[in-house]
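To start, the structure itself, in C-alpha cells.
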Amino acid sequence: MSALPAAPAVPVALSAMSPSRVVAETGRKGAVVRGRASGPAAASGHRKDAVCSPNTHVANITRGRARSACEALRRAPASRVAYDQSAMLKLLRPAVTRILTPLGRVLVSRGIGPNAVTAAGTLGTAAAALFFYPRGQLFAGTMVITFFVLADLLDGVMARMTGEGSTWGAFLDSTLDRVGDAAIFSGLVLWFIVSEERVLAGVALFCLVSGALVSYVKARAEGLGLTCDVGLAERPERLVVGLVATGLSGLGVPYILPAGLWLLAAASAVTVGQRLLHVHRQTSSVPPRTLRRPGEP
Ligand SMILES: CCCCCCCC/C=C\CCCCCCCC(=O)OC[C@H](COP(=O)(O)OP(=O)(O)OC[C@H]1O[C@@H](n2ccc(N)nc2=O)[C@H](O)[C@@H]1O)OC(=O)CCCCCCC/C=C\CCCCCCCC
Ligand SMILES: O=P([O-])([O-])O[C@@H]1[C@@H](O)[C@H](O)[C@@H](O)[C@H](O)[C@@H]1O
Ligand SMILES: [Mg+2]
C-alpha cells in the first residue's frame, strides 16, 4: 500500500505536463507524479499531484519504469483517470507508523531486519489460522492472527527506518501476504466444513479467491507499467472486516460471521471490478506498444 498525497488528489490536466516537469518522487512506496498544470486546473488551486505507479517502492522503480507509467497516465484523458479511489484505512497509516516506530527501533537495535519480521509475521499468521480456526477457536485464533498480521506494518516501518528496504523485501512482503491471507480463509473454510456449514464454506472460499484476485490484478497491471492503486476493499479493509467478524463470532455474537463474510465477498468482487475498469481505462487510451511486459526493455 502506498501513502497518498496529504491533500485530496484531484484529476489534473496531465496532458499539460511536459515530461521534463514530471518528477517521480521517491523515498516512500508510492511515487507521486508532480507537475505544474496550466489552465483551469491550475487556476482552481487544486493540487497537481497524481499517484503514479503507487505500489512501487523506490528500490524497484527505475526512472524508465516510472516514466513509462507516467507516460501511460499522461496519454489518458484526464477526466477518465481516477486518482484517488483508494480505500480509507490507509489514512491510518501515519498514526500506526508512529505507534510501531519504537518497537521497530528496538528490533533493529537487536540486529533484526525487516525480512525476518515479514517471514515471522507470515509464519505466525498461517500457523495460528490453521491451528485455531479449524478447531472452532475463533476468538483465540483472531487475537493471535491480529498480533502477527500487524508485523506486515512493522516490516515496512523498519525498512524505511533503516534504509534497508530492498526490491527483494518488497517482493517477499507482497508474496507472503498472499500466504497469510490464504491461510486465514482456508482456516475458516475448514471450520465451516467441519461444522457442516456448506454455504458459508463457499462464501469463505469466495473471499479467499476474490481477495487473491484483487491483489493479482494490481500486481499484473503494475507489471505492465500501469497503475492500479484503487478499490473499496484493499488488504487492510479485507483483514479488518474478516478478523473483526470472526473475532466477535468467537465471542458469541450471533450472525456477525455470515454478515461479515457476505459483506467481504461483495466488497472484494466490487474491488475486482473497480480495478479491471481502472486498468481498462488506461489501456484503452494507450497504444499497445507503450505497454511493457516484464523483462522487456
Ligand atoms: C469491536 C470492533 C473492534 C474493532 C477493532 C478494529 C481494530 C482496527 C485495528 C487496527 C487497524 C489497523 C489498520 C491499519 C491500516 C493501515 C493502512 C495500511 O496502509 O496498511 C498497509 C499494511 C502493510 O502494507 P505493506 O506491507 O504493503 O506496506 P509496508 O509498509 O509494510 O511495506 C512498504 C514497503 O516497505 C518495503 N519493505 C517491506 C518489508 C520488507 N521486508 N522489506 C522491504 O523493503 C517494501 O518496499 C514495501 O513495499 O497492510 C496490512 O495489510 C496490515 C493490515 C493490518 C490490519 C489489522 C487487522 C486487525 C483488525 C482487527 C482485529 C481485531 C479483532 C477484534 C475481535 C473482537 C474484539 C472484541
Ligand atoms: O492489492 P491489495 O491486496 O489490496 O493490497 C496489496 C497488498 O495485499 C500487498 O501485500 C501489498 O504489498 C501491496 O502493496 C498491495 O497494497
Ligand atoms: Mg509489510
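In each ligand, atom 1 is the first atom listed, and ligand 1 is the first ligand listed. This chain uses plain numbering: 1 for the first residue, then up along the sequence.
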Relative to the heavy atoms of Ser215, which atoms of ligand 2 are at a distance of less than 4.0 Å?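 Those qualifying, in numeric order: 1 (O), 2 (P), 3 (O).
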List every atom of ligand 2 that sits less than 4.0 Å from any heavy atom of Glu234, numbering the atoms from 1 in the order shown and giving each element.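 Those qualifying, in numeric order: 4 (O).
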Mind checking whether Asn115 contacts ligand 1 via backbone (N, CA, C, O), side chain (CB onward), both or neither, at a 4.0 Å heavy-atom cut-off?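 The answer is both.
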Could you tell me whether Glu222 approaches ligand 2 through its side chain, its backbone, both or neither, with non-hydrogen atoms closer than 4.0 Å?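 For Glu222, no heavy atom sits under 4.0 Å from ligand 2.
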Relative to atom 64 (C) of ligand 1, which among Glu237, Met143, Arg235 owns the nearest non-hydrogen atom?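 Selected option, by shortest heavy-atom distance: Met143.
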Numbering as shown, the atoms of ligand 1 that approach Thr142 to under 4.0 Å (heavy-atom distance):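 Numbered from 1, ligand 1 contributes 63 (C).
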I'd like to know if Glu237 contacts ligand 2, where contact means a heavy-atom distance under 4.0 Å to any ligand atom.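 No.
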Which pairs pass salt bridge (charged side-chain N to carboxylate O under 4.0 Å, His left out) with one or both residues in residues 143-156, sequence neighbours excluded?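 Sorted pair list: Asp152-Arg235.
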I'd like to know if the side chain of Thr175 reaches the main chain of Leu172, judged simply by a donor and an acceptor atom lying under 3.5 Å from each other, with no hydrogens or angles considered.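 No, Thr175 side chain to Leu172 backbone: no donor-acceptor pair under 3.5 Å.
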Thr227 backbone acceptor or donor facing Gln282 side chain under 3.5 Å: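 Between the backbone of Thr227 and the side chain of Gln282 there is a qualifying donor-acceptor contact (under 3.5 Å).
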Regarding ligand 1, does Thr146 bring an N or O atom to under 3.5 Å of one of the ligand's N or O atoms?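 No, since none of the N or O atoms of Thr146 sits under 3.5 Å from an N or O of ligand 1.
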With carbon and hydrogen excluded and only N/O/S kept, which atom of Asp155 is nearest the Mg ion (ligand 3)?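 Checking each N, O and S atom of Asp155, the shortest distance to the Mg ion (ligand 3) belongs to OD1.
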